[in-house]
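A, B, ... follow the sequence lines: proteins, then strands. Residue 1 opens every chain.
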Amino acid sequence: MSNITDTLKENVAKAVKSLYGADFEAKKVNISPTRKEIEGDYTILVFPFAKIARKRPEAIGEEIGQYLVENMDAVAKFNIIKGFLNLSVSDNLWASMLNNMLGQADFGTHPKNGEKVMVEYSSPNTNKPLHLGHVRNILLGWSCAKILDAAGYDVTRVQIINDRGVHICKSMLTWELYGNGETPESSGMKGDHMIGKYYVLFDKKFQEEYKVWQKSKAALARYKTWINSEAGQKAVKEQGTNELEAHFYKSVYKNKYFNDESEIGQKVNEMLIKWENNDPEIRALWQKMNGWVYAGFNETYKNLGVSFDDIYYESNTYLLGKDTIEAGLEKGLFFKKEDNSVWIDLTDAKLDEKLVLRSNGTSVYMTQDMGTAQQRYKDHGVSKMIYVVGNEQEYHFKVLFEILKRLEEPYAAGLHHLSYGMVELPDGKMKSREGKVVDADDLMVEVQAAVKAVSEESGGLVGLPEETITDIHRQIGLGALKFFILKINPRRGMIFNPAESVEIQGQTGPFIQYATMRTKAVERKAKDIDLSFSDNYTDVQDIEQELLLMLQKFPKIIAKAANTYSPAEVANYSYEVAKIFNRFYNLCPILKADNPLEVKAFRLKLCQLTGKVLVKGLDLLGMESPDYM
RNA sequence: GGUCUCAUAGCUCAGCUGGAUAGAGCAUCUCACUUCUAAUGAGACGGUCUCAGGUUCGAAUCCUGAUGAGAUCACCA
């Protein structure tokens with residue numbers, strides 16, 4: 001039996017054909033659950049047929065309703081209010097609907113479609129421990145991968161690690177200068193946090209040096225040269241001389257100072273050159289320190305419950321893409337300027353002229369990304385690539401995708417940037433320089449502690465082994481955090497309120513986990529109930545019908561979430577299911593002693609199905625379902 | 001300035017292939033645990049869907065414009 005709504009749509013289309021002799025696409029029939037206060041289970045909108053039938057909506061409803069009752073066993077009766085045709089489903093249909101859904105081993109998931117898709121997420125920089133922004137990224141990526149898998153795709157999860165460049169050398173240098181051989185073991189710090197410390201230290205040391213220099217005669221000379229230059233005069237015009245010197249040091253000259261004059265800056269640049277020339281000592285240091293960082297990252301990933309199938313490193317990919325430049329030049333897609341730099345003109349796509357190769361022949365980010373995409377296609381043969389990256393890179397990806405499209409890459413049509421908004425704190429943006437960041441590791445510890453406090457108060461876990469209790473606290477804490485982040489449409493920027501993220505009441509992860517736990521608890525208690533009696537149950541309550549109709553949507557929700565790359569779709573659906581189930585749980589006793597057998601059997605089955613859907617829904621969000629709470 | 005997002009209840013968010021009286025949660029105020037675990041349920045309160053036009057039988061939803069917020073427009077990554 002296919003889905004009842006689909007069957008209804010097909011029959012409505014048939015009705016239109018037979019009554020009015022016109023073709024109407026079954027898919028376009030507008031059908032929705034009937035509003036609670038009106039009699040009926042499904043409502044069909046008849047306005048769209050008005051033009052075809054050339055009759056009043058009420059008359060059309062009457063005719064179609066009549067047709068459906070006569071031609072479908074499932075439709076018992078109907079009524080019409082304005083242009084709305086409300087159908088009531090036959091009583092015996094509910095049990096068969098339930099059996100049908102419960103009979104599917106993996107209800108909700110779609111058969112494999114043979115398509116391969118890659119999801120890239122996390123993509124950290126080895127200098128900074130993962131923070132709240134990464135957490136949103138990682139959870140989105142992980143959940144999307146799960147959803148795509150459930151929707152029938154063959155998914156490869158990857159991350160690209162930014163492990164090269166000037167910034168990496170900064171932490172290496174300060175560790176060499178001031179580290180005294182410190183290791184994660186010797187300091188007891190997580191590797192990524194330890195490296196992060198040296199990265200911050202570099203900035204501090206540089207600022208100190210820069211500040212001293214600003215008082216020198218040389219500094220004053222640089223400032224005077226600038227102020228008399230064209231750019232300097234322009235600045236004077238725009239903002240006056242007030243604070244101009246500070247502005248000069250802060251914004252105008254800083255990079256130049258770093259590259260040309262700074263002692264510590266020189267050392268970093270020397271180190272980078274050595275790294276690029278494969279200096280064995282530098283490379284060994286680099287590998288050692290990266291190893292510490294990766295160990296730290298892996299711990300965080302493990303705690304978050306996520307993993308990857310393949311990892312790309314920029315140190316391997318940064319030279320890729322140059323052959324593509326050649327190919328593009330031959331095709332006439334790219335062009336060279338006099339200084340030998342290579343460009344592409346995308347002004348006709350409302351994008352600008354874009355540099356793809358520097359005048360000195362070295363790559364830019366775009367070059368590298370072009371090459372990496374091709375490499376991934378070679379490695380994994382994927383037809384779709386999903387990049388989970390913040391919305392600040394929207395422009396970059398638009399350009400990248402446009403270039404790959406014009407290069408006629410076979411996967412070009414399947415490229416998607418899953419762009420998500422910035423995570424802000426209630427008092428504004430996170431700023432790493434001011435230490436105003438929410439660290440991923442700290443965050444996970446905090447949510448678990450908060451859950452522990454509530455749990456001990458409610459006392460639901462008393463009597464279980466200590467280890468089990470701790471693990472349940474972990475599951476709930478992470479559940480609260482993950483749901484809090486994933487329920488929001490990725491597109492939107494979000495305000496992360498730490499207090500709200502550990503809420504366990506209302507629209508939260510633990511609310512859904514609690515409902516799921518209830519389904520499990522009932523099942524544990526239900527013994528020796530002959531489930532086949534459920535078919536005799538015909539007095540199906542409104543709330544039971546509502547729950548069934550909601551559960552029936554599951555496969556479509558997964559498909560929609562996959563098509564829109566939106567875990568929020570699954571999150572909000574799971575919440576709705578949990579809410580209806582809780583209402584059902586309160587209204588309809590399942591195992592009550594004086595319930596007739598068919599009532600127990602039907603409700604128990606409904607409970608089982610709800611449990612299956614909720615467990616799967618939570619799993620798609622990367623959340624676990626505790627057995628006790 | 002160009003481009004792209006976003007704007008719905010005091011707060012956090014759903015709803016957007018146009019359809020009935022715009023929905024949840026939080027907060028505030030009631031009520032319900034001798035009951036399959038109350039981390040629950042029932043009820044009350046709360047709205048000019050930013051504004052102004054347009055299309056339509058019908059607009060929170062589509063179009064145009066305005067206002068406000070964010071992002072982006074490097075031979076940076």
Side-chain angles (χ1 to χ4, degrees), chain A residues 27-28 30 32 34-35 37-38 43 45-48 50 57 81-84 86 125 162 164-167 255 314 318 337 339-343 350-352 354-366 368-369 390-396 398-399 419 421-422 424 426 429 451 454-455 457-461 476 480 484 487-489 491-497 499-500 503-508 510-515 517-519 521-526 568-569 571-572 575-576 578-579 581-593 595 600 603-604 607 628-629:
Chain A
K27 267 194 340 203
K28 294 203 170 153
N30 187 321
S32 54
T34 302
R35 296 176 68 98
E37 61 279 13
I38 292 167
T43 295
L45 214 54
V46 296
F47 291 102
I81 302 173
K82 296 183 194 171
F84 299 90
N86 304 307
N125 166 325
N162 180 342
R164 63 168 289 279
V166 187
H167 53 288
N255 275 340
E314 284 196 12
Y318 80 108
K337 291 196 174 173
D339 62 0
N340 257 341
S341 58
V342 181
W343 297 72
K350 280 191 176 180
L351 301 161
D352 310 285
K354 215 49 206 177
L355 176 91
V356 291
L357 199 67
R358 289 194 189 103
S359 51
N360 63 10
T362 55
S363 309
V364 288
Y365 199 38
M366 196 62 74
Q368 185 186 138
D369 267 2
N391 64 4
E392 71 271 13
Q393 290 199 34
E394 248 164 50
Y395 183 76
H396 171 79
K398 257 186 206 163
V399 172
S419 164
M422 195 83 70
E424 291 183 22
K429 279 183 195 171
V451 164
V454 176
S455 170
E457 201 176 317
S458 85
L461 298 176
I476 301 170
F484 184 74
K487 73 176 176 185
I488 295 170
N489 184 339
R491 210 166 194 77
R492 297 175 70 137
M494 73 171 288
I495 293 173
F496 184 88
N497 185 330
E500 279 174 27
E503 272 299 324
I504 54 166
Q505 277 160 9
Q507 198 179 15
T508 68
F511 175 94
I512 304 171
Q513 288 174 317
Y514 188 74
M517 179 279 293
R518 278 178 154 175
T519 68
V522 170
E523 270 201 75
R524 277 198 298 268
K525 299 233 162 154
E569 202 73 48
N572 289 319
Y575 171 67
E576 290 299 323
K579 206 165 57 149
F581 175 78
N582 275 339
R583 210 136 40 89
F584 159 73
Y585 183 91
N586 271 281
L587 282 169
C588 303
I590 300 163
L591 303 174
K592 210 174 175 184
N595 268 344
K600 283 188 190 173
R603 289 182 179 165
L604 186 56
C607 186
Y628 301 88
M629 281 178 77

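Looking at heavy-atom distances under 4.0 Å, Y514(A) makes contact with a base. Here K579(A) lies in heavy-atom contact (under 4.0 Å) with sugar-phosphate atoms only. Contacts of Y628(A) with the nucleic acid, taken as non-hydrogen atoms under 4.0 Å apart, include base atoms. Residue N86(A) is classed as a base contact, given a heavy-atom separation below 4.0 Å to a base. Using a 4.0 Å heavy-atom cutoff across all strands shown, K398(A) reaches sugar-phosphate atoms only and no base atom. Residue N30(A) is out of contact with every strand shown, counting any heavy-atom pair closer than 4.0 Å. Contacts of Y395(A) with the nucleic acid, taken as non-hydrogen atoms under 4.0 Å apart, involve only primed sugar atoms and P, OP1 or OP2. L587(A) comes within 4.0 angstrom of nothing in the nucleic acid, heavy atoms only. As judged by a 4.0 angstrom heavy-atom cut-off over every strand, T43(A) is placed among the base-contacting residues.
Within the shown strands, C13(B) is the pairing partner of G23(B) under the Watson-Crick or G-U definition, both distances less than 3.5 Å. With a cut-off of 3.5 Å on both pairing distances, the Watson-Crick or G-U wobble partner of C6(B) is G68(B). Under the Watson-Crick and G-U wobble criteria, each requiring two contacts below 3.5 Å, nucleotide U28(B) is paired to A44(B). Using Watson-Crick or G-U wobble geometry with both donor-acceptor distances under 3.5 Å, A74(B) finds no partner in any strand shown.
Across G68(B) and C29(B), the matching C1' atoms stand 35 Å from one another, rounded to whole Å. Between C49(B) and G18(B), the distance separating the two C1' atoms is 15 Å to the nearest Å. Taking the C1' atoms as reference points, A59(B) lies 27 Å from G25(B), given to the whole Å. A gap of 32 Å separates the P atoms of A71(B) and G53(B), to the nearest Å. Look at the P atom in both A7(B) and A60(B): the space between them is 15 Å, to the nearest Å. Taking atom P in both A44(B) and A22(B), one finds a spacing of 15 Å when rounded to whole Å. Nucleotides C45(B) and A24(B), compared at atom C1', are 15 Å apart to the nearest Å. C31(B) and U8(B) have their P atoms separated by 34 Å, with the value rounded to a whole Å.
Checking F511(A), F484(A), Y514(A), F581(A) one by one against Y575(A), the ring pair (Phe, Tyr, Trp, His ring centres under 6.0 Å) holds for a single residue, F511(A).
By the stacking rule of 5.5 Å between ring centres and under 30° between planes, F47(A) does not stack on the base of G58(B).
Atom C1' of nucleotide U40(B) and atom CZ of R518(A) are separated by 4 Å, given to the nearest angstrom. Look at CD on E569(A): it is 10 Å from C1' on G15(B), rounded to the nearest Å. Rounded to whole angstrom, the span from the CD1 atom of I495(A) across to the P atom of A69(B) amounts to 15 Å. If you take CG of N572(A) and P of G15(B), they are 7 Å apart, rounded to a whole angstrom. F581(A) has its CZ atom 14 Å from the P atom of C36(B), to the nearest Å. Between Y585(A) atom OH and A42(B) atom P there is a gap of 15 Å when expressed in whole angstrom units. A straight line from CD of Q505(A) to P of G25(B) spans 12 Å, rounded to a whole angstrom. For Q393(A) and A77(B), the CD to C1' distance is 8 Å, given to the nearest whole Å.
Between Y585(A) and T519(A) there is no side-chain heavy-atom pair separated by less than 4.5 Å. Annotation: side chain of R358(A) is in contact with side chain of V364(A) (closest heavy-atom distance under 4.5 Å). In this structure the side chain of R35(A) never reaches within 4.5 angstrom of the side chain of T43(A), judged on heavy atoms. Within the 4.5 Å cutoff, side-chain heavy atoms of R518(A) are placed close to those of N582(A).
A close approach under 4.0 Å does occur between a side-chain nitrogen or oxygen of K525(A) and OP1 or OP2 of U37(B). Dashed line: the shortest gap from a side-chain N or O of R492(A) to OP1 or OP2 of G70(B) is not under 4.0 Å. Taking only side-chain nitrogens and oxygens, R524(A) never comes nearer than 4.0 Å to OP1 or OP2 of U37(B). For A77(B), the OP1/OP2 oxygens have no side-chain nitrogen or oxygen of Y365(A) closer than 4.0 Å. For the pair R491(A) and C6(B), the criterion of a side-chain N or O lying under 4.0 Å from OP1 or OP2 is met. For A42(B), the OP1/OP2 oxygens have a side-chain nitrogen or oxygen of R583(A) closer than 4.0 Å.
Remark on RNA chain B: of its neighbouring residues N162(A) and N582(A), the 5'-side contact belongs to N582(A), judged by nearest-heavy-atom nucleotide. Comparing K487(A) and Q368(A) by the nucleotide of RNA chain B that holds the closest heavy atom to each, the one mapping nearer the 5' end is K487(A).
When each of A42(B), A39(B), C13(B) is scored by its nearest atom to the side-chain atoms of M494(A), the top-ranked nucleotide is C13(B). Here A24(B) is the nucleotide among A39(B), A77(B), A24(B) with the atom lying nearest to any side-chain atom of Q507(A). Taking only side-chain atoms of M629(A), from C-beta outward, the nucleotide of C4(B), C36(B), A39(B) with the closest atom is A39(B). With U12(B), G41(B), C36(B) as the choices, the nucleotide that has an atom nearest any side-chain atom of P589(A) turns out to be C36(B). When the nucleotides U21(B), A24(B), U72(B) are ranked by their closest atom to the side chain of E392(A), U72(B) comes out on top. Considering only side-chain atoms of E500(A), the nucleotide from U12(B), A20(B), G19(B) that sits closest is U12(B). For L591(A), taking side-chain heavy atoms from C-beta onward, the closest of the listed nucleotides C36(B), G41(B), C76(B) is C36(B).
Note on ring orientation: taking the six-membered ring where Trp is involved, the planes of F47(A) and F84(A) are perpendicular (angle over 60°, cut-offs 30° and 60°).
Other residues, nucleotides and ligands contribute over 12 non-hydrogen atoms within 6.0 Å of the NZ atom of K337(A).
Interface remark: the T508(A) side chain does not form any donor-acceptor pair with the A39(B) base, using a distance-only criterion of under 3.5 Å.
Annotation: cation-pi pair R603(A)/F584(A) absent, no NZ/CZ under 6.0 Å from the ring centroid and within 45° of its normal. Relative to the six-membered ring of Y318(A), R164(A) meets both conditions, a distance below 6.0 Å and an angle of at most 45° to the axis.
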